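All values reported here derive from a predicted model rather than from experimental measurement.
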Amino acid sequence: MTGSSGGCTILHVDMDAFYASVMTRDRPDLRDQPVIVGGGQRGVVLSANYLARRSGVRSGMPGTRARRLCPQATVVSPDYDAFSTVSTSVMEVFRRVTPLVQAVSMDEAFLDIGGAVRRLGSPVEIAESIRATVADEQGITCSVGVAACIGVAKIASRRAKPDGVVVVPASETSSFLHPLPVEELWGVGEKTAEQLHRLGLRTVADIAHTPLVTLQRAIGTAAGTQFHRLSWGEDPRVVTARRSAEEEPDKSIGADETFGRDTDDPEVILRELLRLSAKVGARMRTAGVAGRTVTIKVRFADFTTITRTRTRAEATDVTREIHETATVLFRGLGLQRARIRLVGVRVEGLAPRGTVSRQLALDDRDHGWAEADQAVDRAVTRFGPAAVQPASLLHRGAGRSTGRSSVA
């Protein structure tokens, strides 16, 4: 439905296959090929482009299953720094239109453009302008839903995919919603959908024409009221300016790695903790932050996961100090050849590096590991990530899959 946009001032903008699009935008050889992001060896799929999705590949799916469904797909490793950079740039495109941008995640946001219509044109014109700007500046596409309220705008953007705009005029909200399956309503997950189906409610129209009291009795007062209102396009929520977690100052920086094979070799695990500590330390120095609290994560072969945390006396961004603390935490587990699937390192309680003082001990040198890290960072920036690394990482016995680094 792409007619008049009268009364529609809420936009939901959703990037199309965001992670896959970012990873392939500079790879023309992959433009017409199915692509899976993540899922290497024993990892899970982070994203897939639309060609891979046609074979049934979905995010969160084990990589082995995804490759069985789409054996011709190209599997690429995720680049979280690139995702964050593109996401920040896209959000700034939105904020040129209106300050009322509510980031929902790295790749989607709601915009209230009520104050921008007079300046920039109709809602449809604004939506098309946003799509063109994102495509021009970032080389990826997005889909836009235009409606009178948040819930309908989100449904409309799904209907617009990929690379389109769907407008739901306020006067046509009911006729747009009612033929849709109940799963389209905000908040209707798998279990709720099963409840509604058992009641014989399969479309939004079924919910809309069910007496409110009957709905409340069947699925609860709050849920019954919410779904009944949404089925008529009544949504009291408003767009509130909010940045995504990726745009907020970092609260923690971490990285984890899934081994190619479960391992019970402590030397292999300690080497991986060193590699992860180096990655975390480098990202902290790039962000200009330091932290006192170091956490390790250990996931065993049966998927049981534990964490251990220690707070240092002083904040640090030094790889050696992060690794020393991680090593102490791991050795403190006292594992007796338990087979391990994944390990992770995270530093929390971050603060700007310039606000953190460092007390030298009497036997400390004026220049030491911190300066060595900075020299390594400069070499890596100039010559690439393999230019300088700890000697113990040059020969590793256990293969590993593509790991996941995160900022939260």
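In this structure, SG in C142 is found 6.5 Å from CZ in R131, a value given to the nearest 0.5 Å. The CZ atom of R299 sits 11.5 Å away from atom CG of D262, with the distance rounded to the nearest 0.5 Å. Taken from CG in L199 to CD1 in I219, the straight-line distance is 7.5 Å, to the nearest 0.5 Å. A distance of 8.5 Å separates OG1 of T98 from CD1 of I126, quoted to the nearest 0.5 Å.
Other residues, nucleotides and ligands contribute over 12 non-hydrogen atoms within 6.0 Å of the CD atom of E194. More than 12 heavy-atom neighbours from other residues, nucleotides or ligands sit within 6.0 angstrom of CZ on R292. Within 6.0 Å of CG on D29 lie more than 12 heavy atoms contributed by other residues, nucleotides or ligands. Applying the 6.0 Å contact sphere to CZ of R96 captures more than 12 heavy atoms from other residues, nucleotides or ligands.
In terms of heavy atoms, S252 sits closest to E348 at CB-CG, 3.7 Å. Pairing each heavy atom of A109 with each of A103, the nearest pair is CB-CA, 3.9 Å. Of all heavy-atom pairs spanning S47 and V45, the tightest one is O-CG1, 3.3 Å. A156 and G145 make their closest contact through CB-CA, 3.6 Å (heavy atoms, listed as atom of the first residue, atom of the second, distance). Contact between L329 and V294 at its shortest, heavy atoms only, is CD1-O, 3.5 Å. Residues A48 and A17 share a closest heavy-atom pair of O-CB, 3.8 Å.
Looking at R283 and D81, their side chains come closer than 4.5 Å, going by heavy atoms from C-beta outward. A heavy-atom distance below 4.5 Å is found between the side chains of F330 and L335. For the pair H228/T210, no side-chain contact is recorded, criterion being any heavy-atom separation below 4.5 Å from C-beta on. Contact check for I140 versus V86: side-chain heavy atoms found under the 4.5 Å cut-off.
Relative ring orientation between W186 and F110 is described as parallel, the plane-to-plane angle staying below 30° on a 0-90° scale split at 30° and 60°. Ring planes of H178 and W232: perpendicular class, angle over 60° (limits at 30 and 60°).
For H197 and E183, the side-chain atoms include at least one donor-acceptor pair closer than 3.5 Å. For the residue pair T316 and E321, a side-chain donor N or O sits within less than 3.5 Å of a side-chain acceptor on the partner. Checked by atom type, the side-chain pair R312/T293 shows no donor-acceptor distance below 3.5 Å. When only modelled atom types and interatomic distance are considered, Q216 and T225 share a side-chain donor-acceptor pair under 3.5 Å. Using modelled atom types and a 3.5 Å distance limit, the side chains of T203 and D206 yield a donor-acceptor pair. The closest side-chain donor-acceptor pair between S143 and D16 falls under 3.5 angstrom. Side-chain atoms of T263 and D265 include no donor-acceptor pair closer than 3.5 Å. Using a 3.5 Å distance cut-off with no hydrogens or angles, the side chains of R346 and T295 do not pair a donor with an acceptor. Defined by atom type and a distance below 3.5 Å, a donor-acceptor pair is missing between the side-chain atoms of S277 and H323.
At least one test fails for R261 against the ring of F259: distance under 6.0 Å to the centre or angle within 45° of the axis.
Judged by distance alone, the side chain of T133 and the main-chain N or O of S129 form a donor-acceptor pair under 3.5 Å. With hydrogens and angles ignored, the 3.5 Å screen pairs a side-chain donor or acceptor of S87 with a backbone N or O of M106. For the pair K161 (side chain) and M15 (backbone), a donor-acceptor distance under 3.5 Å is present. A donor-acceptor pair is defined here as one N or O able to donate and one able to accept, closer than 3.5 Å; such a pair exists between the side chain of R158 and the backbone of E184.
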Would R275 and E257 satisfy side-chain contact (heavy atoms from CB on, under 4.5 Å), going step by step from the backbone distance to the final call? CA-CA 10 Å; R275 192 185 71 82; E257 191 70 59; 2.3 Å; yes

Go through the steps to decide whether M23 and D79 satisfy the test side-chain contact (heavy atoms from CB on, under 4.5 Å), and finish with yes or no. CA-CA 7 Å; M23 295 307 302; D79 183 342; 3.8 Å; yes

Evaluate side-chain contact (heavy atoms from CB on, under 4.5 Å) for L230 paired with D235, printing each intermediate quantity in order. CA-CA 6 Å; L230 291 177; D235 190 342; 3.9 Å; yes

Start with the C-alpha gap between V345 and K297, add the side-chain angles, then the distance that decides, and say whether side-chain contact (heavy atoms from CB on, under 4.5 Å) holds. CA-CA 6 Å; V345 175; K297 175 168 66 175; over 6 Å; no

